[in-house]
Amino acid sequence: MPDIPSSRLPGFHRLDVEARWRELARRGDVSPEELHVLRALGSPSFDILNQMIENAVGVFALPLGLGLNLTVNGRDHLVPMAVEEPSVVAAVSYAAKVVRHAGGFTADADASMMIAQVQLTGYGSPELARERLLAHREQLLALANSFHPALQRRGGGAREVQVRILPAPEGPQGEPLFIVHLLVDTQEAMGANLLNTMAEGVAPLIEQLTGGRVYVRILSNLADQRLARASCRIPLAALADFDLPGEDIAEGILQASRFAEADPYRAATHNKGVMNGIDAVAIATGQDWRAIEAGAHAYACRTGRYGPLSRWTLEQGHLVGRIELPLALGMVGGPIKVHPGAQLGLKLLRVTTVRELAMVFASVGLAQNFAAVRALGSVGIQKGHMALHARCVAVTAGARGLDVEKVARLLVERGSVKVETAREILASCQAVTAP
């Protein structure tokens with residue numbers, strides 16, 4: 001395996017954009033052709049856009065940044081992140097740097113097993129219908145695999161048939177829901193289209209075997225057979241900051257984690273912080289971020305109560321973070337094969353399999369969460385947010401070039417990060433420098 005360049009790029013944020021591009025080219029992260037993609041903000045040609053969606057009229061661009069310092073299972077990764085929120089990339093880079101010095105993230109991921117669902121109605125006796133279907137398990141699997149023989153040749157395909165009988169939502173007077181699950185190994189693909197094809201393809205046989213009627217047949221975005229996990233272990237002394245000892249920072253993080261475990265209102269915001277990082281990488285690499293969001297939040301409810309995707313504990317002088325969530329990702333298919341920006345995003349990550357991709361995603365989610373709960377349990381979330389938000393406010397007020405940082409700094413010092421205040425500061429700066 002070739003050497004992976006370090007994701008530690010000290011001073012990268014202080015370089016102008018041309019210098020950043022030169023550094024990526026020097027390291028071998030981008031070719032001259034890919035540098036052109038970056039210069040064009042990843043905008044594909046209109047022909048490609050028109051193939052991707054209906055009624056295309058242009059591109060709605062998001063800033064593309066790099067999360068730095070990430071080490072997962074001893075391998076370094078530059079993390080492409082497409083997001084409008086100023087603090088997200090900075091938070092991931094900072095958190096990854098802290099964890100890097102503590103040994104980096106440890107992660108693993110399940111095989112790419114996805115679920116296709118087929119809803120059956122009018123089936124008569126549910127137990128008899130279940131018995132008939134499971135007796136023809138091999139026939140159902142063979143039929144499902146006949147729709148994607150190439151997937152089976154690559155080592156994937158339909159693996160199992162399961163039947164779930166659920167209580168009727170109307171109560172005892174209603175027909176119980178009879179749901180057939182096809183478990184499919186999608187290999188390096190996210191798998192939505194192939195799962196839907198299989199579900200629709202086996203529906204007539206399910207009807208024939210049971211005498212029932214099929215209505216809904218589609219994949220499930222609760223990919224709980226396709227989980228990714230990441231963890232980190234940080235010595236308490238390494239957490240010292242804000243003129244506070246590491247023990248105080250760790251206690252604040254622990255209390256934030258306890259809060260999220262006990263209260264769904266807090267857990268929702270806790271998990272939003274996790275998804276800030278994951279969604280940004282998903283968009284930058286052409287993933288179905290909406291499916292990822294749906295699966296993550298559904299998984300957070302798996303016990304019957306909404307809870308946090310990540311948890312923090314104190315163990316033998318260390319702060320230990322753990323995260324687990326479903327991640328249905330792809331390295332092939334969908335927009336990945338047609339969108340140059342998505343292709344470049346995956347190249348920058350330097351992952352070789354979809355399981356490794358899921359490990360990086362989970363680690364990014366845990367890093368983002370660490371940065372958030374670290375601030376929440378100490379000085380508050382606004383200190384870091386306002387410093388970064390002040391730049392946007394300065395630009396909105398008309399500041400350009402070196403004036404942006406000057407106006408932003410004065411906004412934070414005044415404690416009034418508002419456009420009106422920024423305009424006043426900018427006018428004062430310009431009056432001083434006027435001839």
Side-chain angles (χ1 to χ4, degrees), residues 110-187 189-227 288 290-292 294-306 325-328 330 333:
D110 298 336
S112 303
M113 199 69 69
M114 297 288 288
I115 298 168
Q117 294 188 295
V118 181
Q119 177 196 14
L120 182 68
T121 66
Y123 46 78
S125 164
E127 291 307 323
L128 184 57
R130 184 207 301 264
E131 183 180 326
R132 286 175 178 166
L133 283 179
L134 296 182
H136 291 82
R137 169 184 173 277
E138 295 301 326
Q139 186 180 357
L140 284 163
L141 291 175
L143 179 59
N145 284 322
S146 71
F147 297 105
H148 287 283
L151 176 64
Q152 197 171 25
R153 287 194 296 271
R154 292 194 298 270
R159 293 280 188 262
E160 191 55 82
V161 177
Q162 298 174 344
V163 173
R164 299 169 63 233
I165 300 172
L166 308 177
E170 306 86 0
Q173 72 276 16
E175 180 185 58
L177 276 77
F178 191 103
I179 312 299
V180 182
H181 278 193
L182 281 177
L183 272 60
V184 182
D185 182 350
T186 61
Q187 294 285 287
M190 184 273 189
N193 289 331
L194 64 87
L195 284 164
N196 293 341
T197 300
M198 286 185 175
E200 293 177 3
V202 300
L205 179 56
I206 290 174
E207 290 179 333
Q208 178 185 331
L209 292 171
T210 62
R213 170 78 184 275
V214 166
Y215 285 94
V216 178
R217 53 264 197 231
I218 193 171
L219 88 158
S220 170
N221 287 126
L222 176 51
D224 60 1
Q225 306 296 307
R226 196 175 181 176
L227 301 176
D288 186 346
R290 302 158 308 280
I292 294 169
H297 293 297
Y299 190 70
C301 296
R302 65 192 182 281
T303 63
R305 178 185 176 86
Y306 189 89
L325 75 164
L327 284 170

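For Y299 against L325, the heavy-atom pair with the smallest separation is CD2-CA, 4.1 Å. The minimum heavy-atom distance between A144 and L182, with the atom names listed, is CB-CD1, 4.0 Å. Smallest separation of non-hydrogen atoms from G201 and L143: O-CD2, 3.7 Å. For G295 against P326, the heavy-atom pair with the smallest separation is O-CG, 3.4 Å. The nearest pair of heavy atoms linking A328 to I292 is O-CG1, 4.2 Å.
A side-chain donor-acceptor contact under 3.5 Å links N196 to the backbone of L219. Checked by atom type and distance alone, the side chain of Q119 never pairs as donor or acceptor with a backbone atom of L177 at under 3.5 Å. Between the side chain of N221 and the backbone N or O of A291 there is no donor-acceptor pair closer than 3.5 Å. The backbone N or O of G157 sits nowhere less than 3.5 Å from a side-chain atom of Q152 that would complete a donor-acceptor pair.
Contact check for R302 versus D224: no side-chain heavy atoms found under the 4.5 Å cut-off. Residues E160 and R137 form a side-chain contact, since some pair of their non-hydrogen atoms from C-beta on lies under 4.5 Å apart. A heavy-atom distance below 4.5 Å is found between the side chains of T121 and E175. R226 places a side-chain heavy atom less than 4.5 Å from the side chain of S112. Annotation: side chain of V161 is not in contact with side chain of H136 (no heavy-atom distance under 4.5 Å).
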**OP:** List the steps and the verdict of side chain to side chain contact (heavy atoms under 4.5 Å, CB included) for L151 and M198.
**Re:** CA-CA 12 Å; L151 176 64; M198 286 185 175; 4.3 Å; yes

**OP:** Test side chain to side chain contact (heavy atoms under 4.5 Å, CB included) on L183 and Q162 and set out the steps.
**Re:** CA-CA 8 Å; L183 272 60; Q162 298 174 344; 3.6 Å; yes

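F178 and Y123 have tilted rings, their planes meeting at an angle from 30° to 60° on a 0 to 90° scale.
Considering L205, V118, V180, L134 as possible partners of L140, the one that fulfils the side chain to side chain contact (heavy atoms under 4.5 Å, CB included) test is L205.
Atom-to-atom distance recorded for D185:CG and M114:CE is 11.0 Å, nearest 0.5 angstrom. Rounded to the nearest 0.5 Å, atoms CG (L227) and CG (L327) are 8.5 Å apart. How far CD1 of I115 is from CD of Q225: 5.0 Å, rounded to the nearest 0.5 Å. Taking CG from L195 and CD from Q117, the interatomic distance works out to 10.5 Å, rounded to the nearest 0.5 Å. To the nearest 0.5 Å, the span separating CG on N193 from OG1 on T186 amounts to 11.5 Å. Going from atom CG of L133 over to atom CD of Q139 covers 10.5 Å, rounded to the nearest 0.5 Å.
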